[in-house]
Each structure stands twice: as C-alpha cells, then as structure tokens.
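Reading through the structure tokens given below for one structure.
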Amino acid sequence: MKKLFAVALGILTAIGGFVDIGDLVTNALVGSRFGLSLAWVVAVGVIGIIVFAEMSGRVAAVSGRATFDLVRERLGPRIGLANLLASMGVTFLTFIAEIGGVALAIEIATSVDEVLWVPVVAAALWIVLWRVRFAVLENAFGLVGLALVVFAVALWKLDPDWMDLWAQVTSPRPGANETWTSYSYYAVALFGAAMTPYEVFFFSSGGVEEHWSEKDVGTMRLNVFLGFPLGGLLSLSIAAVTAVVFLPAGVQVESLSQVPLPVAIALGKIGLAIALLGFFAATFGAACETGLSVGYSMAQFYGWSWGKFVAPRQAARFHAVVLLATVVAVAVLLTTVDPVAVTEYSVVFSALALPLTYLPILVIANDPDYMGERVNGWFANALGSVYFVVIVVVSVAAIPLMVLTRGGQ
Amino acid sequence: MLTVSGCATPEGDPSLYRDEAVSTLSAAESSVVTVRIVLTTRLRDRTFGRAADDAVTTAETSLSSTAGTFEGLQPPRGADAVRQQATQLLSDAEDTVAAARIAVRRDDRAAMRQALVAVAGVAARLDRAPEILP
Amino acid sequence: MAERTDQPGFRRQYDAQLHLLDRQILDRDGLPVAKVDDIELVVRADGRLAVAALLCGPGALGPRTGGRLGRWTKAIWRRLRPDEDPQPGRIDAALVTGTDSAVHVSASAAELRLDGLERWVRRYVVDRIPGADHAD
Amino acid sequence: MPTDPTVPTAVSGAVTRHRISALLGSRVLLRDGSQAGFVTEVRLAGGPGLQSYVVEGLVVGSRVQGSMLGYDRREVAGPWLVRALVRLVNRDLSYVPWASVSRIDWDGHVVEVDRVGPLTDERALR
C-alpha cells in the first residue's frame, strides 16, 4: 500500500493536467468531433511531460530547488517576471475554472445551479489548502480521481467496433465536416493541456514538500512513469466513449453535463455515480494543484519561504497569496462566468509560459552546480531538445489558431 | 449599388445566409439529439433524475441561445423562404425540448415517452435540413 | 551539496550574474530568506572593487526589473517604508558560509532583519486564523 | 596600478558603495571613444570568504544584457541545440581584465577601458 501512496503525487499532478475541468470537456468535445484522430497528440504530450517532469523532479530531489525558483535564476528578473505573469495567467485562470468545475460537478448530481455552490466549494478548498497535510491531500484527490477509470470500463462495456476505433487513431486528419485549422487548434489545446506549466511547478514543489533527496530519484521516476501515462489514458478513454456514442449521433459536446452520458448508457446509475465522484475529485484535486501552484510560483520567484511542510506562520506570504487567490476566484465566479470558457483564455497565456518554463529546466538539469553527477544523460537531452522545439512551435501557433477558429468553433 | 458593394456577410449574401442556417440547424440538432439520448437513458432508468434534468436544461439553454442568435440575423432579400423554414424548425425544436424538460423534471414517464417520440421526429427533420432547405 | 565551511565552498571564481544574482538565500536553519536581488560592491583602499554585501528586497530588485514595473515596485516599497531614506535589506558578505544551488548564510532571517513583510503578514493575516502554527 | 577608476556616488561612512547591477549593462568604451559593447557579466575572484572576492574582470557582449543561461564560458554538458543557440546569440563575447579598466562612471553607466581581450574558457571549477 505504501508503494501506491508513493505515486500519489504523480497521479494527482497528471490528473490536474490531463483531466481537469477544461480537459474533461475538451477531451469529450474532441471525441465527439474528431473521434480518436487526435489520439497521437495525447501520446506526444504524455512523452513530453514525462521528459520535463522527470527533469524538474530530479532537480528538486538533488538540489532542493523547485521549478519556479530556477526560472528567475536562469532567465534573470525581467524575463523571469514576464514568465511569472504569464504562468500566473494560466495557473490562476485554471484555478478559477477548477472551483467552478467542482461546483458544476455538484450541480450535475444535485441540479442546483453551480453558482450557489461556488462559495461553499471555495471555503472547503481553502480549508484543505490551509490545514490538510500535503500527503493526505494528494492521496485523497489523486487516488479518488482514478474513479475516472470508469470511462475506460464504459468503453469496454459499450463493446465498440475496435477496428474502427483503431482506424481513427491511425488516420490523424480531420473528419468530413471539420477543417484543418480547427483540427490543429485542438491538437495545440491537447498538447498544451498535457504540458501545462503548473504541472512541473506542482510536481517539483511537491517533491520538496515530501522532502525528496537524491535517494528518492527512484520514487520520483515511479511517479512520473506511472502518473502521466495514466493521465493520458484517462483523457483518451473520455474521448473514446464520446467518439463511440456522440460522433455517429452528430452530437457535439459543449458542457460538462453531456460528458458522463456515455457512462450512464454503458454502466447505468452506478457508473454515473462513479464518474461524478471522479469529476469531483479530479477538479478538486486540480483546484488544490493550481491553488498551491499560484502560491509556489510567487513565493519561489521572490524567495519567500513557502510550502505546507512548514507551519503557516513560517510561510505567511505564501498562504496569504493562496487565500487572496481563492477570494478573487470566488468573486470572478460569482459574475456567473462559465468556468469551462475561462480555461480557453488560459491558452493565450500558456503560449508565453510554455517556453519560458521549460527552457530553464532543460538548462539547469545539465548544470553540475545543481545536479552534481545527476546531470542529464544524452537521452534526456536529446528528447528535451526535440520537445523544446515542439514547445516553441506550439506556443507560436497557439494564439493565431485561437483567433482563426474563434476558440475552436 | 448598396447590395453590390455590401461585404460578404450572412445578412448580405443569400448563400452565406443559407450556410448560416444549415450550421445553426446542425448545432440545434446536437442539442436535440442530446435530449433524445438523455430521455432514452432516463426511461431505461440508467441515469438519475437530477442528472437528466441538468443535462436537458443545459441543452435547452444552449438550443435557445443558438436559435436566438440565428433569428436575430437580418435575412437578405430572397432568403425569406429559408428563414421561414429554419425558424419554424427551430421553434418546433425548442417546444419539444421544453416539453421534454418538463416531463423529466416531473419524472412523468408517460410524458417522457411522448416527448421522446416528438424529439426523435424533430431530430430527424433537423438531420434532413440541409437537403430540404430551399 | 553545500560545504558547511566558513568560506563559500571556496570556488576560486564566480560569475556574479550566473552564480550569485537571483539565487535563493537560505538562513542557518535552511529556511528561505530572500533572493540575491543585487550585490553591493565597495571600493577598497587599493582601488579594487570588493564584494561587501548581498542586497535583498524590492529596493534592490526594483531597479533591476527595469521599466515601469521596476519603478512602480520601488516607489510602492519606498512609500511603505517608515524610515526616510530606506535602504534595501543587506546581508554582510562575511555571513555567507557556502554556495551551491543556493547561497547559505550563517544567521537567521530575524537576525538579518529581512523579514519585515513576512512578519507584517504573519501578524495581521496568518496569525488571526486558527491552526497557524500547525506544521505538516 | 590603474588610476582610481571610480567616481564616488553613494558615499556613506567614508566608504563608497556601488551596486553590481549598475555595472551590468553599462556601455564599454575604448580609449579612442569607440564602443566595444556592453558589460554582460562581472567575474569575481578571491576566497575563502565572499568578502574577500574582488572584481577580476568584465565580460563584454554586443547585446545589452542577456543571461547566458550558463553556457557562455564553462563547457557545461548540455543539449547541443541550446548550447548552439546561446553561442550564436553571444558569439562576439570578449573579456576585459580589471587592469585594463581605466574609469567607471557609475551614474552614467559607462566603463572606459584600455583594451579588450579574448574570452578564455574559465579554468575548471574547484
């Protein structure tokens, strides 16, 4: 059992990246419009986040420095500040969306309007971030979030034409009434979701929270090689069930309430209940991840003490930032903005945040000052360099594609 | 001169207006089919009443906003027939979806069965819309 | 990684921007104190420029951020400071005991009087909430 | 012994204090008034004890300021792509040993030097 908990951090990090509120709808939407023809993007994204999460996790284990600490050291205060603002854009907007997402999940179960749940959810979330121990937090939401495996079970139960699904996977191009621009927009969106900057902020800071040292590099790699592929599989299974149920019926997914329908069809009420539990845990887990990451980024940029491993009194500014972020998030959500739409705007910020986050990691993972002999091997460097080029291309393409497709229409 | 120099917008160009009608009806079909699936699933007792209510209500809201946007467009000269048929289809869709929402919220199985027939009918008409639109 | 000697890991040569500037400073208990926001140089009798201290806080970081934002941070910081001509936080170079991925100093944040904002937030925000002293 | 290269600015307690950030990014002028570039890094040497380190020289580059991401001088093992990229951006680095610094105008951010030499890779660290 201990071993299972040892990978909770990796699972929670991956859940916050692959199946947070924005991705639940995006994966379902992609399945309902493109089937599995975008599956290859998820695979590429999983490998990318594995490469860089492993590097940032190794840096955290060997040198005790979390990712945002490095960003400013390597890029200097000016570019570092630009990345702080850009990545805060992504992290904070996603944080707002997650709180709304938890409220949406409750709305589906209770059919009471989401806005009414927002203050309750935010209060509960903040109490968790303030008092609940980091290990308990990651185990509870990381492992319960695995309830989303019910989508894979539903896919198997629907007994689809597997050959047809495989044909979709192996034909990476838009279907009949889809354009290459919207196909590329969702390719960028899925890749961006897989490699969202706050995943490495949270994963590396989580490593410091768990007092990783050089002897924990093995555990760190277990987290990486187990957690992220699992995240990828969850997002693919969501796309697959909607491809099977919605694509032929001409239904395009627009809201969270449509996402669990295929599970209800396949597994009935039990399946639906498990799916809703999965929604709740995944979005709540992602809310913790992004909420803490807001604090981690600010504190590590300015050099404040941070983290839950010290008493709140010893990381006063860190906790004040998290509290402020929660209050502002509630205020924004009370304007009844659609939480899912909020994540679409964060794509714009991730265009800048992606390269400025991953370049310092790649550089520092090769610096003996930080890593001693644990510097990157040739394989990590080769993959890291290739992916850095992909990241730059994606970040350049993100905003134009968003404008061209008016947010993916 | 005005029409000639008018820029190509659905409100100016009849064929663009018809394309807009087709894409609106396709979005409407997506909402209506969602309601059909929810009704079927609820009637087979494979989903909770509240979840069904939430899904149908969300689809109803999305349908009415889709319809509202289209109805707000100024039809170019000569496109009135297209507009008349499209808005008729849209209002039928809204009526049947509203009936479905009422039935689901009351958990009235008979009304749900009736609504399912109506919803399936409208869905079929929406599916054929691109061909039957003038 | 940090050599717990009194000399900074005795590396014969530093490149200031690469090895010192913007690095995390850890106090004697290993707690983060601040970042090296700037470095103070002193003109020695022999005319050489010697490292005198590490400078921390908005007063030091502001100018380096440059542009409007830098000027704003410095202006806000200056207004918040009670004393008339506020100087940035200062850590004497002799207190630095080692450098590796961070700069280690032999005093605590309180002794260095660098925790003004942290103390203010602690008193007026964090300490008012129950459980403020409950560590993980 | 170079002439006193400093123009006292912030004098407090009879000791002239400067900030290294004022030096970084300063324009470097040669004796004939031509511009050799900008100070992109300040090399310190000395030890043990940080207070015993003095400015040993200045790295001069064409661009105002760009952290070299650590790939400037030391042969750091790393991705060839990033190294090549950074080298390309900073291909024209040169070095000014302290003895060649004739005058520093701290407020005007200008450093006057006698000559500019090649940038040799740092000796291996300790």
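Each chain gets a letter, A, B and so on, in the order its sequence line appears, and its residues count up from 1.
Looking at heavy atoms from C-beta onward, C:L49 lies in side-chain contact with D:W98 at the 4.5 angstrom threshold. Between D:R19 and C:E40, the closest side-chain pair of non-hydrogen atoms is not below 4.5 Å. Proximity of D:I20 to C:L21: side-chain heavy atoms (C-beta onward) are separated by under 4.5 Å at one or more points. Side-chain contact between D:L44 and C:D15 is absent, with no heavy atoms from C-beta onward closer than 4.5 Å.
The two atoms that bring D:E41 and C:A16 nearest to each other are OE1-N, 3.2 Å, heavy atoms only. Closest non-hydrogen pair, D:E56 versus C:R48, comes out as CA-NH2, 4.0 Å. Contact between D:R17 and C:A52 at its shortest, heavy atoms only, is NH1-CB, 4.4 Å.
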For a side chain to side chain contact (heavy atoms under 4.5 Å, CB included) check, start with the C-alpha distance between C:V51 and D:V54, then their side-chain angles and the critical distance, and finish with the verdict. CA-CA 6 Å; C:V51 173; D:V54 290; over 6 Å; no

Full working for side chain to side chain contact (heavy atoms under 4.5 Å, CB included) between C:L41 and D:W106: CA-CA 12 Å; C:L41 300 176; D:W106 290 90; 4.1 Å; yes

Using side chain to side chain contact (heavy atoms under 4.5 Å, CB included), reason through D:V42 and C:Y14 one step at a time and then give a plain yes or no. CA-CA 8 Å; D:V42 174; C:Y14 278 115; over 6 Å; no

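Only the side chain of C:L20 has a heavy atom closer than 4.5 Å to any heavy atom of chain D. Within the 4.5 angstrom heavy-atom criterion, atoms from both the backbone and the side chain of C:I39 approach chain D.
Within a 6.0 Å radius of CZ in C:R113, other residues, nucleotides and ligands contribute 12 heavy atoms or fewer.
No donor-acceptor pair closer than 3.5 Å links the side chain of D:Q51 to the backbone N or O of C:D92.
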